[in-house]
There are 2 protein chains.
Amino acid sequence: MERAVAAVEGRWKLLILHHLLVREPRRFSELERAIPRVTQKMLIQQLRALEADGIVQRIVYPEVPPHVEYRLTEAGTALVPALNALHDWAVDTEL
Amino acid sequence: MERAVAAVEGRWKLLILHHLLVREPRRFSELERAIPRVTQKMLIQQLRALEADGIVQRIVYPEVPPHVEYRLTEAGTALVPALNALHDWAVDTEL
DNA sequence: CAGTATCCAATTCGATACTG
DNA sequence: CAGTATCGAATTGGATACTG
């Protein structure tokens, strides 16, 4: 349970998840453009953390130039109802 | 929505919320005993943050010695379903 | 394109001591 | 009892420059 929150903690993870929900897959540069204020360092760091937690999947196409896609895993998709519950709470409490 | 997660972020907040769910109200010293590894500094800091976010209520009884109780607010109680959803996800994904 | 590497500033955390 | 104050260590974050 602590790990469940940890999996979503971090300034950018929700934003990343949001953009993946809106449209999948996303390339690294797409996420960069979608979240202008994130640095490359933070973006890759959060993506790796989400990957390590089994929430997003990183798919590498061995091409030149490099091509990497990020998708939600099944567990990532399964997280959506919980995020919606949090969202509903936030709306209801006007927080 | 970011604030919704922020309201629950922090190593001790879930633990505090848990103990308040199990039994209300709780005094400061009860929470200290319930969560042995938290320092006073962190405990009060997280309690204040939860209070600022409208999730817990701090009730002071003007007695000697001092007597302070912590309770969930209505918004705090309303948060429970969302926490359960997160919990279910954590269990289902074996995270 | 998709990252690494580095350096530095800011924030967070624990331990300890003290107080109304 | 219920905190506050202080300090230093550890972690995190941003900016910038560089690379396979």
Side-chain angles (χ1 to χ4, degrees), chain A residues 2-20 23-53 55-73 76, chain B residues 2-20 23-53 55-73 76:
Chain A
E2 316 251 328
R3 298 194 60 192
V5 172
V8 163
E9 270 179 349
R11 279 215 242 312
W12 310 106
K13 287 184 185 171
L14 282 179
L15 236 32
I16 294 170
L17 257 26
H18 167 75
H19 286 293
L20 288 178
R23 182 162 48 79
E24 266 187 317
R26 294 276 190 164
R27 301 182 61 161
F28 185 85
S29 52
E30 290 183 287
L31 290 171
E32 269 191 289
R33 278 190 297 275
I35 313 171
R37 302 179 13 164
V38 76
T39 60
Q40 288 187 318
K41 177 186 170 183
M42 290 312 297
L43 181 56
I44 193 65
Q45 185 183 105
Q46 304 285 290
L47 280 170
R48 299 259 194 241
L50 288 168
E51 193 189 356
D53 283 330
I55 293 169
V56 308
Q57 198 183 351
R58 180 169 176 271
I59 302 158
V60 181
Y61 297 89
E63 305 171 354
V64 176
H67 183 179
V68 177
E69 283 182 1
Y70 292 92
R71 291 178 172 278
L72 292 175
T73 62
Chain B
E2 315 251 328
R3 298 193 60 189
V5 172
V8 163
E9 269 180 350
R11 279 216 242 312
W12 310 106
K13 287 185 185 171
L14 283 178
L15 237 34
I16 294 170
L17 257 24
H18 168 73
H19 286 293
L20 288 178
R23 182 162 48 80
E24 268 187 315
R26 296 277 191 163
R27 301 182 61 161
F28 185 84
S29 55
E30 291 183 287
L31 289 171
E32 267 192 289
R33 278 191 297 277
I35 312 170
R37 301 179 13 167
V38 77
T39 61
Q40 288 187 318
K41 176 186 170 183
M42 289 313 296
L43 181 54
I44 193 64
Q45 183 182 107
Q46 304 284 288
L47 279 170
R48 299 259 195 240
L50 288 169
E51 194 190 353
D53 282 330
I55 293 169
V56 309
Q57 198 182 350
R58 182 169 174 270
I59 302 158
V60 181
Y61 297 90
E63 303 172 355
V64 178
H67 183 178
V68 177
E69 284 181 2
Y70 292 92
R71 292 178 171 279
L72 293 176
T73 61

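So you know, we letter chains A, B, ... as the sequences are listed, proteins then strands, and number each from 1.
Spacing between atom CG of B:Leu43 and atom C1' of D:dT4 amounts to 14 Å, rounded to whole angstrom units. Taking atom CD1 of A:Ile44 as the reference point, atom P of D:dG13 lies 15 Å away to the nearest angstrom. Atom CG in A:Leu31 sits about 9 Å away from atom P in C:dA2, given to the nearest Å. Distance CD (A:Glu9) to C1' (D:dT12): 13 Å, rounded to an integer number of Å. Taking atom CZ on B:Arg26 and atom P on D:dG3, their separation rounds to 16 Å, with Å as the unit. Distance CZ (B:Arg48) to C1' (D:dT4): 10 Å, rounded to an integer number of Å. Rounded to a whole Å, the CD atom of A:Glu63 is 13 Å from the P atom of C:dC1.
Listed for the A:Arg58 side chain is no donor-acceptor partner under 3.5 Å among the backbone atoms of A:Glu51. In this structure, B:Glu9 contributes its side chain and A:Gly10 its backbone to a donor-acceptor pair below 3.5 Å.
Rounded to the nearest 0.5 Å, atoms CE (B:Met42) and CG (B:Leu47) are 10.5 Å apart. Within the model, atoms OH of B:Tyr70 and NE2 of B:His19 stand 15.5 Å from one another, a figure rounded to the nearest 0.5 Å. A distance of 5.0 Å separates CZ of B:Phe28 from CD of B:Gln40, quoted to the nearest 0.5 Å. Separating the CG atom in B:Leu31 from the CD atom in B:Glu69 is a distance of 11.0 Å, to the nearest 0.5 Å. Between the CG atom in B:Leu20 and the NE2 atom in B:His18 there is a gap of 10.0 Å [rounded to 0.5 Å]. Within the model, atoms CD of A:Gln46 and CZ of A:Arg48 stand 12.5 Å from one another, a figure rounded to the nearest 0.5 Å.
Using a 4.5 Å heavy-atom threshold, the side chains of A:Val8 and A:Lys13 count as separate.
Residue B:Tyr70 is classed as a sugar-phosphate contact, given heavy-atom separations below 4.0 Å to backbone atoms only.
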Completion exercise
Quick tally for nucleotides 13-20 of chain C: nucleotides whose base has a protein heavy atom under 4.0 Å get B, sugar-phosphate-only ones S, the rest -, giving BBB-B--B

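Residue B:Arg27 places at least one side-chain N or O closer than 4.0 Å to OP1 or OP2 of D:dA2.
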Problem - Dot-bracket pairing map - DNA chain D, Watson-Crick plus G-U, both contacts under 3.5 Å, | cross-strand - result: ||||||||||||||||||||

